[in-house]
**Q** 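Take this structure, written in structure tokens, and hold onto it; I'll ask about it next.
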Number of protein chains: 2
Amino acid sequence: MYMEKELTIQEIAKLTGLSVHTLRYYERIGLLDHVARTNSGYRKYSDADRAWIEFLNRLRATGMTIRKMQQFADLRRKGSATIHERRVILEEHQAEVRMRLLELQSNLESIEHKIVHYKELEEDELATK
Amino acid sequence: MYMEKELTIQEIAKLTGLSVHTLRYYERIGLLDHVARTNSGYRKYSDADRAWIEFLNRLRATGMTIRKMQQFADLRRKGSATIHERRVILEEHQAEVRMRLLELQSNLESIEHKIVHYKELEEDELATK
DNA sequence: GTATACCTTTGAGCGCGCTCAAAGGCAAGC
DNA sequence: GCTTGCCTTTGAGCGCGCTCAAAGGTATAC
């Protein structure tokens with residue numbers, strides 16, 4: 001039988017890149033379901049917890065606000081009846097991220113032009129010395 | 001002779017997308033050089049001001065912090081002797097933005113996979129009804 | 001000349017996403 | 001059994017990037 005490894009808060013922090021403070025904070029605000037505890041009250045994280053945290057990390061890394069992630073987590077708690085609603089949220093988010101990517105690329109290009117301009121100025125500087 | 005149009009704070013706000021509050025704030029913290037005034041003390045923005053603000057906007061849109069922008073603005077005030085230093089800052093920023101772009105694309109792909117997964121779940125749901 | 005709609009400055013306040021402090025309990029080593 | 005270093009909860013604090021409030025001056029219309 002496959003035994004799931006249970007992780008301490010330190011271990012899950014290391015694996016997910018979140019701080020232990022942030023892990024407790026995310027639980028407090030409902031981003032994570034109430035995490036299982038040992039007899040003495042210490043948190044123990046399951047592989048499912050880990051997968052969910054890593055998904056939250058991707059939402060966060062793409063700029064989703066905590067409020068939106070809370071909405072998503074709430075729907076998830078309600079079960080499979082909310083799958084469509086969750087997909088809609090992700091699709092809206094996807095569209096936003098794609099737009100931001102385009103803008104980012106466009107702004108990056110402008111900055112790259114500026115860099116070229118500075119290079120030319122530096123070369124002129126050298127030429128007249 | 002080409003006459004430069006001088007713009008009121010409202011006009012420059014509309015053109016650059018910054019609020020009038022933010023324009024005054026940027027000036028206070030040294031992102032903008034002291035802007036010219038009318039006799040009665042009202043700000044009047046030049047085309048050069050406008051170009052600089054639009055450049056700041058691109059730095060901001062690509063995630064440069066205000067502190068970094070202040071450094072850049074300080075170098076700019078010191079004149080052409082700092083061109084090389086400014087280029088270095090922009091190149092470092094460029095590298096960071098490129099990395100963030102890659103991460104963003106990778107995270108977006110994961111989210112897109114999740115969307116596909118949700119679609120499949122929805123179809124299964126329909127099939128069993 | 002007065003209403004109203006702008007402008008000025010300075011300093012305070014806010015929303016976000018954490019981050020930390022306080023006070024106390026638990027686990028493992030010696 | 002005591003030390004060291006972890007864990008718990010609750011509530012306060014912080015840094016960032018604005019955003020607004022207060023108090024007062026100015027410009028234009030009527």
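Numbered from 1 within each chain, the chains take letters A, B, ... in sequence-line order.
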**Q** Are the side chains of B:Gln94 and A:Glu112 in contact, using a 4.5 Å heavy-atom criterion?
**A** yes
**Q** Which parts of residues 88-103 of chain B get close to DNA chain C, meaning a heavy atom less than 4.0 angstrom away?
**A** none
**Q** By a strict heavy-atom criterion of less than 4.0 Å, which residues belonging to residues 7-23 of chain A are in contact with DNA chain D?
**A** A:Ile9, A:Gln10
**Q** A:Tyr118: what forms a ring pair (Phe, Tyr, Trp, His ring centres under 6.0 Å) with it, not counting sequence neighbours?
**A** none
**Q** Do any N or O atoms from the side chain of B:Trp52 and from the backbone of B:Leu31 form a donor-acceptor pair under 3.5 angstrom?
**A** yes
**Q** Please identify each residue that fulfils side chain to side chain contact (heavy atoms under 4.5 Å, CB included) with B:Arg28, with sequence neighbours left out.
**A** none
**Q** Tell me, please, which residues at least two apart from B:Thr38 pass side chain to side chain contact (heavy atoms under 4.5 Å, CB included).
**A** B:Ser40, B:Tyr42, B:Lys44
**Q** Other than B:Val97, which residues form its hydrophobic cluster under the rule that side-chain heavy atoms must be closer than 4.5 Å?
**A** A:Val97, A:Leu101, A:Leu104, A:Leu108, B:Leu101, B:Leu104, B:Leu108
**Q** Given B:Glu54 and B:Arg58, is the salt bridge (Lys or Arg N to Asp or Glu O under 4.0 Å) satisfied, shown in steps?
**A** CA-CA 6 Å; B:Glu54 280 166 355; B:Arg58 282 189 259 281; 5.0 Å; no
**Q** State whether the side chain of B:Asn57 and the backbone N or O of B:Thr16 hold a donor-acceptor pair below 3.5 Å, judged by distance alone.
**A** yes
**Q** Walk along nucleotides 25-30 of chain C from 5' to 3' and tag each nucleotide B, S or - by protein heavy-atom contact under 4.0 Å, base first, then sugar-phosphate.
**A** BBS---
**Q** Between the side chain of A:Glu11 and the main-chain N/O of A:Thr8, is any donor-acceptor distance below 3.5 Å?
**A** yes
**Q** For a salt bridge (Lys or Arg N to Asp or Glu O under 4.0 Å) check, start with the C-alpha distance between B:Arg37 and B:Glu27, then their side-chain angles and the critical distance, and finish with the verdict.
**A** CA-CA 13 Å; B:Arg37 309 287 152 137; B:Glu27 188 175 342; 2.3 Å; yes
**Q** Does any part of the side chain of B:Phe72, heavy atoms only, come nearer than 4.5 Å to the side chain of B:Arg86, both counted from C-beta?
**A** yes
**Q** First and last nucleotide of DNA chain D touching chain B, 5' to 3', heavy-atom cut-off 4.0 Å?
**A** D:dC16 to D:dA27
**Q** I need the single residue from A:Lys78, A:Arg77, A:Arg43 that forms a salt bridge (Lys or Arg N to Asp or Glu O under 4.0 Å) with A:Asp33. Which is it?
**A** A:Arg77
**Q** Share the residues that join A:Val88 in a hydrophobic cluster, the rule being Ile, Leu, Val, Met, Phe, Trp or Tyr side chains under 4.5 Å apart at the heavy-atom level.
**A** none
**Q** Do side-chain atoms of A:Asp49 reach the backbone of A:Ser46 as a donor and acceptor pair under 3.5 angstrom?
**A** yes
**Q** Who passes side chain to side chain contact (heavy atoms under 4.5 Å, CB included) against A:Ser106, sequence neighbours left out?
**A** none
**Q** Tell me yes or no: between the side chains of B:Ser110 and B:Asn107, is some donor less than 3.5 Å from an acceptor?
**A** no
**Q** Please list residues of residues 59-72 of chain B whose heavy atoms come under 4.0 Å from any atom in DNA chain C, ordered by number; otherwise none.
**A** none
**Q** Below 4.0 angstrom, which residues in residues 29-37 of chain B have at least one non-hydrogen atom near DNA chain C?
**A** B:Arg37
**Q** Report yes if the side chains of B:Ile66 and B:Tyr25 come closer than 4.5 Å at any heavy-atom pair, otherwise no.
**A** yes
**Q** Applying a 4.0 Å non-hydrogen cut-off, can you work out what A:Arg24 is touching in the nucleic acid: base, sugar-phosphate, or nothing?
**A** base
**Q** Need to verify one output field. Residue with the more 5' nearest nucleotide on DNA chain D, B:Arg28 or A:Glu27?
**A** A:Glu27
